[in-house]
Amino acid sequence: MATESTPRILPTEITPESVYERRREFLKGSLALALYAALPAQAALPAWKKTAWGRDESPNTWEEVTTYNNFYEFGTGKDDPAKNAGSLRTRPWTVSVEGACLKPRTWDIDALTKAFPLEERIYRMRCVEGWSMVIPWLGFPLGELLKQAQPTGRAKYVEFASLYDPKQMPGQRWPVLDWPYAEGLRLDEAMHPLTLLSVGIYGRELPNQNGAPIRLVVPWKYGFKSAKSIVRIRLVEKPPATAWNRAAPGEYGFYSNVNPEVDHPRWSQARERRIGEFFKRKTLMFNGYGDQVASLYTGMDLRRYF
Ligand SMILES: Nc1nc2c(c(=O)[nH]1)N[C@H]1C(S)=C(S)[C@@H](COP(=O)(O)O)O[C@H]1N2
Ligand SMILES: [Mo]
């Protein structure tokens, strides 16, 4: 019980969980608290620092972020990953960094998580299908890992591969995509400080359905660029083939920057529905991160390089 002599708790001492609890309480009342009580037994990660990123946003609830997912390895329905991703074994797990670099290395996931200081950043995420969410990610800049690998002059792009194991990932028994899920970035996009490797959300380890144990987060691009459950990161000379570009090259380009002015061939990208909201919002150029990333694309025709 608080008394005169109880030291005042500084905001910095409040655990992140109680911060979320309060925000949630404020935003959504006792319903959200009831949902929070139903949090699964996700381990808390070690020390991490809070950053200013996205402090002005209202994150989506844990419930929304962990039950409305795209992860085709576990089914194509939005609720399939939450139902089916329990079969994914995330330990032991390694991530190799290889290709055009001086210091290739196969990292154990726990060593990797300890080697780079974790930070929390609240990012807006925009799916190519027209919905969006705000998610408090825990992770570290991908660029820090790539710097350690010491890319050579031949490294111009970075290729990401998700796990391939149809026993653990039942969706891979069907040729929905050319498995394993593959993605790619230009080297400067991969080195950009906004680009994260994430190992958690809401101060906890990533739930399997969100891409455990490690996934990419590229907030100015459509969500499919943010590959989940990554096992290989390769520095390469040429633009790597990507799963969605292979499946439908006319619909999903290599860049896939969020762009309200370039429609998907089958629908407009001008507006989006934030999960949990009724009215649609205007989609922002580069998902609102233009101040940070527009200079990466100076002089490029963004209709051609969509
Ligand atoms: N391996 C893999 N990564 C993936 C996907 C997938 O199907 N498989 N879906 C992508 C899409 S379309 C989106 S919108 C985001 C969704 O991430 P979330 O479920 O954590 O919000 O993951 C991306 N990463
Ligand atoms: Mo998506």
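Just so you know, ligand 1 is whichever comes first in the structure, and atom 1 is the first atom listed for that ligand.
- Heavy atoms of E129 found under 4.0 angstrom from ligand 1: none, in either backbone or side chain.
- At least one heavy atom of E73 sits closer than 4.0 Å to an atom of ligand 1.
- Residue, atom and distance of the protein heavy atom nearest to atom 15 (C) of ligand 1 are G223 O, 3.6 Å.
- Both tests do not hold together for K225 against F160: distance to the six-membered ring centre under 6.0 Å, angle to the ring axis within 45°.
- The distance criterion of under 3.5 Å between nitrogen or oxygen atoms is met by K228 with respect to ligand 1.
- In the model, Q209 has no side-chain atom that pairs as donor or acceptor with a side-chain atom of D80 under 3.5 Å.
- For E159, the side-chain contact (heavy atoms from CB on, under 4.5 Å) criterion is met by R232, R234, P240, not counting sequence neighbours.
- Geometrically, ligand 1 and W244 share no nitrogen or oxygen pair separated by less than 3.5 Å.
- With ligand atoms numbered from 1 in the order given, ligand 1 contributes 6 (C), 7 (O) to contacts under 4.0 Å with heavy atoms of Y72.
- For an aromatic pair to be called close, the ring centres must be under 6.0 Å apart, and F286 with Y289 fails this.
- For atom 6 (C) of ligand 1, the closest non-hydrogen atom of the protein is Y181 CE1, 3.4 Å.
- Summarising the contacts of atom 12 (S) of ligand 1 with V217, T76, N70, the nearest heavy atom is found in N70.
- Residues R281 and R271 fail the side-chain proximity criterion, which asks for heavy atoms closer than 4.5 Å.
- With a 6.0 Å cutoff to the six-membered ring centre and a 45° limit on the axis angle, R105 counts as a cation-pi contact of W107.
- Proximity of S226 to ligand 1 is established by a heavy-atom distance of less than 4.0 Å.
- Those atoms of ligand 1 that come under 4.0 Å of a heavy atom in C127, given as number and element, are 14 (S).
- In this structure, the side chain of R215 engages the main chain of N210 through a donor-acceptor pair within 3.5 Å.
- With sequence neighbours left out, the side-chain hydrogen bond (donor to acceptor under 3.5 Å, both in side chains) criterion links N257 to W220, K221, Y297.
- Looking at ligand 1, you'll find an N or O of S162 within less than 3.5 Å of one of its N or O atoms.
- Within the structure, ligand 1 has R215 among the residues with a heavy atom less than 4.0 angstrom away.
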